[in-house]
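Input: a single structure, listed below in structure tokens.
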Amino acid sequence: MLHIRASGPRSDADRGTVVFIHGFPFDGSMWEPQLDALPEGWRGLAPDLRGFGQSPMDDGTGDAPSGKRVGNGIAHADEPVLTMACLADDIAALIEEECDGPAVVCGLSMGGYVALELHRRHPDRLRGLVLADTRATADSDEARENRLRMAQTVRSSGTRPIASAMIPELLADSTRVARPELVDTVRSMILGTPPETVVAALAGMASRHDSTGELPGIDVPTLVVVGEHDAITPPDYARKMADGIPDATLAVIDGAGHLSGLENPGAFDLALREYLEGLD
């Protein structure tokens, strides 16, 4: 059972529901600015993905996804692996249980990988897609090697070293200078993620499906969002992804890095509101 933050009761969703999927290695609290800013008649759900935040790694039966299923060398055979398919199936179940029909799914970074996998596996659960600061391509060999080194660091030293290494890449320079409280929030989310979950998600992301060839088949209204200064998935990546999806809209968030919804929530929320109004 996933822990869920909700913007209001189910009865408030007379226009629809937005399910927000967080990035790595965070939790659903990163979407609080968006939950507070949805248009009237829209309900927001921001789950903690399996193993993150307040959600357990196992599915309630005592079992967690096995590392034996993924031969990328990142997770050991006795370690769990959080594949994008596993996480997408969890979101599909959440939509079935919590929503009155298909939902708009908004995923950032790893959450975008999950959203694309959800479209591939459960297209009937989707009313619309918001792909924020993410990419459709699979990991390169270099990216997989980086994930392997990160997993080894987490096993030996915990999550503090990766928090120090990731924050300069996650946040724009101007954000780090002007908003130290946000830097502390991001660091706290990373440090609050169990090392086991970090390794499991690294292995899952490294083995994820390449969705590039499936972009032309996305047949729900799609908004692609990217921070102006995103160093991990730069605007050029977002433009190419938007160009590959029929009738997709692109929004570039001024002054933001990879965590565009946290760094410039006003601009992100405006783009999301305009997109949701367009669905009506």
Side-chain angles (χ1 to χ4, degrees), residues 1-23 26-50 52-55 59-60 84-134 211 218-225 245 247-249 251 253 259-262 265-280:
M1 176 69 83
L2 301 182
H3 176 265
I4 302 170
R5 293 166 183 81
S7 64
R10 191 166 181 167
S11 58
D12 286 352
D14 58 324
R15 295 172 70 186
T17 301
V18 183
V19 176
F20 295 95
I21 311 178
H22 63 79
F26 309 118
D27 58 54
S29 67
M30 69 172 293
W31 293 112
E32 287 176 356
Q34 284 66 55
L35 290 175
D36 293 338
L38 287 173
E40 185 176 355
W42 285 90
R43 184 185 187 218
L45 302 176
D48 294 339
L49 293 174
R50 184 189 293 241
F52 292 86
Q54 299 181 55
S55 293
D59 59 3
M84 301 304 99
C86 169
L87 299 177
D89 289 349
D90 287 345
I91 296 297
L94 180 151
I95 293 171
E96 183 174 7
E97 293 169 4
E98 297 288 337
C99 304
D100 297 322
V104 173
V105 173
C106 174
L108 183 141
S109 194
M110 182 184 74
Y113 307 156
V114 176
L116 288 168
E117 185 69 17
L118 181 69
H119 177 269
R120 190 167 76 93
R121 295 172 67 84
H122 305 281
D124 57 314
R125 299 286 193 269
L126 286 172
R127 178 181 175 187
L129 268 177
V130 181
L131 302 171
D133 300 280
T134 191
S211 299
I218 293 177
D219 58 358
V220 294
T222 301
L223 171 66
V224 178
V225 184
I245 300 172
D247 301 319
T249 301
I253 306 302
L259 302 183
S260 55
L262 281 173
F268 189 105
D269 295 344
L270 176 60
L272 181 60
R273 283 198 300 272
E274 291 178 346
Y275 163 80
L276 294 175
E277 296 292 347
L279 293 183
D280 289 338

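Counting begins at 1 with the first residue of the sequence. Below, all heavy atoms of this structure are taken into account, side chains as well, without hydrogens, waters or symmetry copies.
Closest approach of L45 to A6, counting heavy atoms only: CD2-CB, 3.7 Å. For A115 against I21, the heavy-atom pair with the smallest separation is N-CD1, 4.3 Å. In plain terms, the two heavy atoms of H22 and G28 that are nearest each other are CD2-N, 3.5 Å. Minimum interatomic distance between R50 and C86 (heavy atoms only, all atoms of both residues): NE-SG, 3.6 Å. Among all heavy-atom pairs drawn from V18 and F20, the shortest one is CG1-CZ, 3.5 Å.
In this structure, Q34 CD and R273 CZ are separated by 10.0 Å, a value rounded to the nearest 0.5 Å. How far CZ of R127 is from CG of L276: 8.5 Å, rounded to the nearest 0.5 Å. Here the CZ-CG distance, from R15 to L279, works out to 9.5 Å after rounding to the nearest 0.5 Å. Between the CG atom in L2 and the CZ atom in F52 there is a gap of 11.5 Å [rounded to 0.5 Å]. Rounding to the nearest 0.5 Å gives a distance of 4.0 Å between CZ of R121 and CG of D89. With values rounded to the nearest 0.5 angstrom, E32 atom CD is found 7.0 Å from L35 atom CG.
Salt bridge absent: R43 and D14 never bring a charged side-chain N and a carboxylate O closer than 4.0 Å.
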Can you check side chain to side chain contact (heavy atoms under 4.5 Å, CB included) on R5 and W31, steps first, answer last?
CA-CA 9 Å; R5 293 166 183 81; W31 293 112; over 6 Å; no
D90 vs L49, test: side chain to side chain contact (heavy atoms under 4.5 Å, CB included). Steps then yes/no.
CA-CA 8 Å; D90 287 345; L49 293 174; 5.9 Å; no
Report the C-alpha distance between I245 and L131 in whole Å, list the side-chain angles of each, state the deciding distance to 0.1 Å, and finish with yes or no for side chain to side chain contact (heavy atoms under 4.5 Å, CB included).
CA-CA 11 Å; I245 300 172; L131 302 171; 4.0 Å; yes
Dump the intermediate steps for side chain to side chain contact (heavy atoms under 4.5 Å, CB included) on L118 and R120, then the final yes or no.
CA-CA 5 Å; L118 181 69; R120 190 167 76 93; over 6 Å; no
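With hydrogens and angles ignored, the 3.5 Å screen pairs no side-chain donor or acceptor of S7 with any backbone N or O of D36. In this structure, the side chain of D48 does not engage the main chain of H3 through any donor-acceptor pair within 3.5 Å. Of the possible polar contacts, one joining the Y275 side chain to the L129 backbone as a donor-acceptor pair under 3.5 Å is found.
Atom CG of D247 is surrounded by 12 or fewer heavy atoms from other residues, nucleotides or ligands within 6.0 Å.
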Which pairs would a plain distance check flag for residues 95-111, meaning a side-chain donor or acceptor within less than 3.5 Å of a matching protein atom at least two apart in sequence or in another chain?
| residue | atom | partner | partner atom | Å |
| --- | --- | --- | --- | --- |
| E96 | OE1 | R125 | NH2 | 3.1 |
| D100 | OD1 | R10 | NE | 3.2 |
| D100 | OD1 | R10 | NH2 | 2.8 |
| S109 | OG | H258 | NE2 | 2.8 |

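Partners of P33 according to the side chain to side chain contact (heavy atoms under 4.5 Å, CB included) rule, which considers only residues two or more places apart in sequence or in another chain, are L262, P265.
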